Amino acid sequence: MLQRLPVMAAALWWGGLSVVGFLSVPLLFMSLPTAQAGQVAAKLFTAMTWLSVACGMLLVFLLKPARAGDGAAAGAAAPVPLAWTGWALAGVVLALLVEFGIAPRILARENLALWHNLATALYALQWLCAAVLLWRLGGRR
């Protein structure tokens, strides 16, 4: 069970990012007045930030990087390349950067187009980090 936990964490992370960013928020803006949709979207993105941090850090702690000469113990999950934990850490950093570096500027309506576009790009990169982890962990034996 414990050896499948990284796949579950990656799936939750990637799935959450997908549902919030590509389904829920666009539906909000189609269904509600812009100001109201923006307020709800901000709360969804904040919740997604904390889910991203939880899943990403769980992955960092659960993935045992491979070292030269390491042999997997009988019954234990095989070690993973060190780069895999890098994808998890990159996703966490991106989530926190958007939440604490960019979101306050969007809320202050400071150069809105620039900050919104940058936040969108970083969200997409975070989605990519989670997707890479899910793809690699899902194919691991």
Side-chain angles (χ1 to χ4, degrees), residues 1-73 75-141:
M1 165 88 175
L2 189 58
Q3 65 194 43
R4 299 305 294 164
L5 197 53
V7 176
M8 297 298 289
L12 178 60
W13 189 5
W14 180 81
L17 288 168
S18 298
V19 169
V20 169
F22 303 123
L23 181 66
S24 300
V25 170
L27 282 172
L28 284 172
F29 281 95
M30 285 190 271
S31 306
L32 298 172
T34 302
Q36 190 177 10
Q39 291 173 346
V40 176
K43 291 178 193 249
L44 285 172
F45 283 126
T46 294
M48 196 59 236
T49 293
W50 296 115
L51 181 63
S52 295
V53 169
C55 289
M57 293 311 295
L58 182 63
L59 285 165
V60 167
F61 290 116
L62 289 177
L63 296 176
K64 179 184 173 193
R67 283 178 247 144
D70 269 356
V80 299
L82 182 59
W84 291 18
T85 57
W87 285 103
L89 285 173
V92 169
V93 168
L94 288 166
L96 293 171
L97 185 59
V98 171
E99 181 68 22
F100 295 109
I102 297 174
R105 288 173 169 83
I106 292 173
L107 292 174
R109 305 193 59 77
E110 176 185 313
N111 201 352
L112 194 56
L114 169 74
W115 292 110
H116 185 272
N117 289 336
L118 186 57
T120 300
L122 295 183
Y123 190 89
L125 286 173
Q126 183 192 166
W127 179 88
L128 183 64
C129 289
V132 166
L133 281 166
L134 180 57
W135 186 266
R136 289 181 176 175
L137 288 168
R140 198 168 74 129
R141 301 251 184 257

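Residues: numbered from 1 along the sequence shown. Quick caveat, the model's predicted, so the values are computed rather than measured.
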Q: Using a 4.5 Å cut-off on heavy atoms from C-beta on, say whether the side chain of Phe29 contacts that of Gln36.
A: no
Q) Do Leu137 and Leu59 come close enough that some side-chain heavy atom pair is under 4.5 Å? A) yes
(Q) As an exercise, state the distance from CG of Leu122 to CG of Leu96, rounded to the nearest 0.5 Å. (A) 12.0 Å
**Q.** Minimum heavy-atom distance between Val20 and Pro26, given as atom pair plus value
**A.** O-CD, 4.2 Å
Q.
Quick check: closest heavy atoms across Pro104 and Val98, and the distance to 0.1 Å?
A. CD-O, 4.5 Å
Q. Which pair of heavy atoms, one from Cys55 and one from Leu12, lies closest together, and at what distance?
A. SG-CD2, 3.8 Å
Q) Could you state the interatomic distance from CH2 (Trp87) to CD (Gln126), rounded to the nearest 0.5 Å? A) 13.0 Å
**Q.** Minimal non-hydrogen separation, Leu89 against Met57, with atom names
**A.** CD2-SD, 4.3 Å
Q) At what distance, to the nearest 0.5 angstrom, does CG of Leu107 lie from CD1 of Ile102? A) 12.0 Å
Q.
If you compare all heavy atoms of Glu99 against all heavy atoms of Phe45, which two are closest, and at what distance to 0.1 Å?
A. OE1-O, 4.1 Å
Q) Nearest 0.5 Å, what's the OG1-CG distance between Thr49 and Leu97? A) 10.5 Å
(Q) Nearest 0.5 Å, please: how far is CG in Leu94 from OH in Tyr123? (A) 12.0 Å
(Q) Below 30° counts as parallel, above 60° as perpendicular, anything between as tilted: where do the rings of Trp14 and Trp127 land? (A) tilted
(Q) Give me the atom names and distance for the closest heavy-atom approach of Ala95 to Ser52. (A) CB-CB, 3.9 Å
Q. Is Arg105 close to Asn111 at the side-chain level, that is, under 4.5 Å between some pair of heavy atoms?
A. no
Q: Can you measure from OG1 (Thr120) to CG (Leu125) and round to the nearest 0.5 angstrom?
A: 11.0 Å
Q. Looking at side-chain heavy atoms only, is the closest gap between Leu44 and Leu28 below 4.5 Å?
A. yes
